[in-house]
Number of protein chains: 2
Amino acid sequence: MSERASIRDVAVRAGVSPTTVSHVLNNTPGTRTSEKTRARVHAAAAELGYSANAVARALRTRRSDSVGFVGDEIATTPFAGKLILGAQEVVRQHDGVLLVTNTSYDAELETREIRELLSRDIDGVLYAAMYHRVVTVPASLHAAPVVVLNARTNDDRSWVSPDEYAGGEDAAQVLIDAGHRRLAMIGNSDPIPAASGRPAGFLARAAAAGIPAEDVTVVYVSPTAGHAAEAAMRLLDRPDRPTGLFCFNDLMAMGAYNSARRLGLRIPDDLSVVGFDDLAILSAAADPALTTVALPHLEMGAWAAEQLYVEIAARATGQPSPVRHAELRGEVVHRASVGSPPR
Amino acid sequence: MSERASIRDVAVRAGVSPTTVSHVLNNTPGTRTSEKTRARVHAAAAELGYSANAVARALRTRRSDSVGFVGDEIATTPFAGKLILGAQEVVRQHDGVLLVTNTSYDAELETREIRELLSRDIDGVLYAAMYHRVVTVPASLHAAPVVVLNARTNDDRSWVSPDEYAGGEDAAQVLIDAGHRRLAMIGNSDPIPAASGRPAGFLARAAAAGIPAEDVTVVYVSPTAGHAAEAAMRLLDRPDRPTGLFCFNDLMAMGAYNSARRLGLRIPDDLSVVGFDDLAILSAAADPALTTVALPHLEMGAWAAEQLYVEIAARATGQPSPVRHAELRGEVVHRASVGSPPR
DNA sequence: CCGACCTGCCAAACCGATTTACCGGGTCGC
DNA sequence: GCGACCCGGTAAATCGGTTTGGCAGGTCGG
């Protein structure tokens, strides 16, 4: 085989015009073709291994079946991969392809890359953040369908983010279910949605379970293992210490692990720990393996792609884009860091 | 602004033909245009914010300035992100774009996705593995320029992989430099290049430093934290234990950490540990932070993309593809797990 | 028997760029 | 003064599909 077969080759072989081949292969609504001819076209296409040239099609239809994935950071955590994977599954069902781009938080680079994407007639853009925050969609994207992924925005755009509040609730519930009545959380002092949502849910659920407010402590520190370790040290180094500890994320949980170790506290016998994020390589390697609230990256990626296709379809029929928002709940991954409180 | 400006719009505004606009904007060799006209064209293009429609260009030139990134797995480690990022930097310089695809080790899916990419007239493909192994390039890619990334192949294709042997050497050197004379390595029993290369380099460097063979032990286990922990337990639970331990990867190093802890051995005072991979979230969160040999993902991604463009250029001028191979050395990341041997 | 309408199919225009082939006018060499 | 050649530019073909607008020929109703 030498060159890819074109629609003309198929037409010749089936003894029909390219028009008819196009109609048959695309099932173009509003066109009629006899069963006999349809069969001949399909046979010819199969024999030649024909598949339409996506570039030519895109030029005519102004639809490229490709969507851009514009992320701020792609190389530091597996998060990007999960968002991409979740989105890709949906895009794939639409015979589409994902154009991935990384901006490294560089606005100028972002503008250039978006221009590059736009010049390729992409159908829409997934605008993704690697950690849940508030973003503004760049002006250069104003005309394109855009869904904001793993973030929220004040622009009039659809977005999907993790349900931080529910995550906090779930973390509390895990500890409560195990029997803990003295709880603490090491929170994050940064001004981001997760930093307020998680403790809010945590506190609410503890209160709902009848745990008195003075028995649940929340402290806020800068989100590093070191700061978490310090905070844990202060929290744990006293007789009336909490027996159930929720950490803002897995990394900080590792800090808490270290402090517990220094204090001679065994996990989960003396102290139960719940993390957040489910950084699998971290939490599975921890000793003991860390019970944690997973971030729903796959699901968010898929949701965003689905929504994007809805908006693309709406635009194709001239309707206004239906803007929607979703907060997706992550699952609790039970491992080995939660047990009954010491008696 | 409503619609994107086309080359015709620019032509009208500059008072010339589309042909001339094309010549000027692309600096087409072998064409002549007066300075005056060139200036007018450039001005018109700038005023209209013109940038060529990449789809139309691709159709005519059969060159899409896009390259496919076909990976087997994208969501479990940050490796994929680093490979993509490294490649992207180079692709970007060529005004290109990366079409990312994930095959999940599914051959049928892979075939479908490659077909999808090919129908988009991609210029070439980066065929990437997430861990260094031997791959065979799928037959459907036979006609396209392909560079194998983070893997090697017996096909007549270019590839780039980590230099495992050098990594083993470097790990040994770190321990030797710190003064260690009794060394051990916990290796990987899987039949993959890294599993033989790293210990080979490690042993060679130890021998070169004059350490007698009986003072350096290598054991091979299945590459999990648990198996590594068991192996470390056996290795370390004796008076003539090694003082410098090299682990096949960071995860296994965490297993060794756990065993050392159980045995009451402090790191790095009683035992020095060197890992491999530089899984940053893991090694930085470890206590103490892990000294490790990094895998050169960024560099490999960039190398592969560079090489791919060389092959694309060669093909464009009708020359045969220059097949090349590279093994790239990773850097040692010094953190806190290596110290002097106990006296 | 006539016109309306349906069926099955196709020719040609079109999408927006690049590339080929050519053209008028000036210059140069002899 | 004439042919060759260069300069600056353009018209039209082209890439491979989809879409528009129609065209034969048959059927049906009145």
Side-chain angles (χ1 to χ4, degrees), chain A residues 3-42 44-45 48-66 95 116 118-123 316, chain B residues 3-42 44-45 48-66 95 116 118-123 316:
Chain A
E3 290 296 303
R4 286 171 49 94
S6 84
I7 197 172
R8 242 163 287 268
D9 302 327
V10 178
V12 167
R13 183 170 193 113
V16 299
S17 73
T19 304
T20 301
V21 175
S22 174
H23 288 162
V24 170
L25 261 23
N26 296 318
N27 263 318
T28 313
T31 64
R32 302 163 294 254
T33 316
S34 71
E35 254 332 303
K36 239 181 180 150
T37 307
R38 299 178 66 80
R40 278 215 318 286
V41 168
H42 278 121
L48 295 173
Y50 172 74
S51 81
N53 179 319
V55 176
R57 169 180 291 158
L59 177 59
R60 180 70 237 249
T61 61
R62 328 241 57 195
R63 244 269 219 169
S64 62
D65 289 320
S66 62
D95 290 318
E116 195 69 53
L118 256 22
S119 87
R120 292 184 148 76
D121 275 359
I122 46 165
D123 301 333
Chain B
E3 291 295 303
R4 285 170 49 93
S6 83
I7 196 172
R8 243 165 289 268
D9 302 328
V10 179
V12 167
R13 183 168 194 115
V16 298
S17 72
T19 305
T20 301
V21 175
S22 175
H23 288 163
V24 169
L25 261 23
N26 297 316
N27 261 318
T28 312
T31 64
R32 302 164 294 251
T33 317
S34 71
E35 253 334 302
K36 238 181 182 147
T37 307
R38 301 178 64 82
R40 277 216 317 288
V41 168
H42 278 122
L48 294 173
Y50 172 74
S51 80
N53 178 319
V55 175
R57 169 180 292 161
L59 177 59
R60 181 68 239 249
T61 62
R62 327 243 55 196
R63 244 263 214 178
S64 61
D65 289 322
S66 63
D95 290 318
E116 196 68 55
L118 256 22
S119 88
R120 291 182 150 76
D121 277 359
I122 45 163
D123 301 333

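Just so it is clear, the values below take in all heavy atoms, side chains as well, and ignore hydrogens, waters and symmetry mates. Just so it is clear: chains get the letters A, B, ... in the order the sequence lines come, proteins before strands, and each one is counted from 1.
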Has [X] got a side-chain atom pairing as donor or acceptor with [Y]'s backbone, closer than 3.5 angstrom?
X: Arg120(A); Y: Ser64(B); result: yes
X: Arg40(A); Y: Ala14(A); result: yes
X: Asn26(A); Y: Thr28(A); result: no

When rounded to the nearest 0.5 angstrom, what is the spacing between [atom1] in [X] and [atom2] in [Y]?
X: Arg57(B); Y: Leu59(A); atom1: CZ; atom2: CG; result: 13.0 Å
X: Asp9(A); Y: Arg4(A); atom1: CG; atom2: CZ; result: 11.0 Å
X: Thr33(B); Y: Asn27(B); atom1: OG1; atom2: CG; result: 9.0 Å
X: Asp65(B); Y: Ile122(B); atom1: CG; atom2: CD1; result: 12.5 Å
X: Thr37(A); Y: His42(A); atom1: OG1; atom2: NE2; result: 12.0 Å

Both Val55(A) and Ser34(B) contact DNA chain D. Which one's nearest nucleotide lies toward the 5' end?
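Going by which nucleotide is closer to the 5' end, it is Ser34(B).
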Whole-Å distance between [N] [atom2] and [X] [atom1]?
X: Leu59(B); N: dC15(D); atom1: CG; atom2: C1'; answer: 4 Å
X: Asp65(A); N: dG16(D); atom1: CG; atom2: P; answer: 19 Å
X: Glu35(B); N: dC7(D); atom1: CD; atom2: P; answer: 14 Å

Write down the protein N/O and nucleotide N/O pairs, taken from nucleotides 18-20 of chain D, whose separation is under 3.5 Å; answer none if there are no such pairs.
residue: dT18(D); atom: OP1; partner: Asn26(A); partner atom: ND2; Å: 2.9
residue: dT18(D); atom: OP1; partner: Arg57(A); partner atom: NE; Å: 3.0
residue: dT18(D); atom: OP1; partner: Arg57(A); partner atom: NH2; Å: 3.1
residue: dT18(D); atom: OP2; partner: Ser22(A); partner atom: OG; Å: 2.7
residue: dT18(D); atom: OP2; partner: Asn26(A); partner atom: ND2; Å: 3.3
residue: dT18(D); atom: O2; partner: Arg60(A); partner atom: NH1; Å: 2.8
residue: dT19(D); atom: O4'; partner: Arg60(A); partner atom: NH1; Å: 3.3
residue: dT19(D); atom: O4; partner: Thr19(A); partner atom: OG1; Å: 3.3

Which part of the nucleic acid, if any, lies within contact of Arg62(A), taking any heavy atom under 4.0 Å across all strands shown: a base, the sugar-phosphate backbone alone, or nothing?
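Arg62(A): backbone/sugar contact only, no base atoms under 4.0 Å.
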Opening and closing nucleotides of DNA chain C in contact with chain B, under 4.0 Å to non-hydrogen atoms
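Contact boundaries, 5' end first: dG16(C) to dT20(C).
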DNA chain C: 5'-proximal contact among Arg32(B) and Ser51(B) (nearest heavy atom)
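Looking at the nearest nucleotide for each, Ser51(B) comes out on the 5' side.
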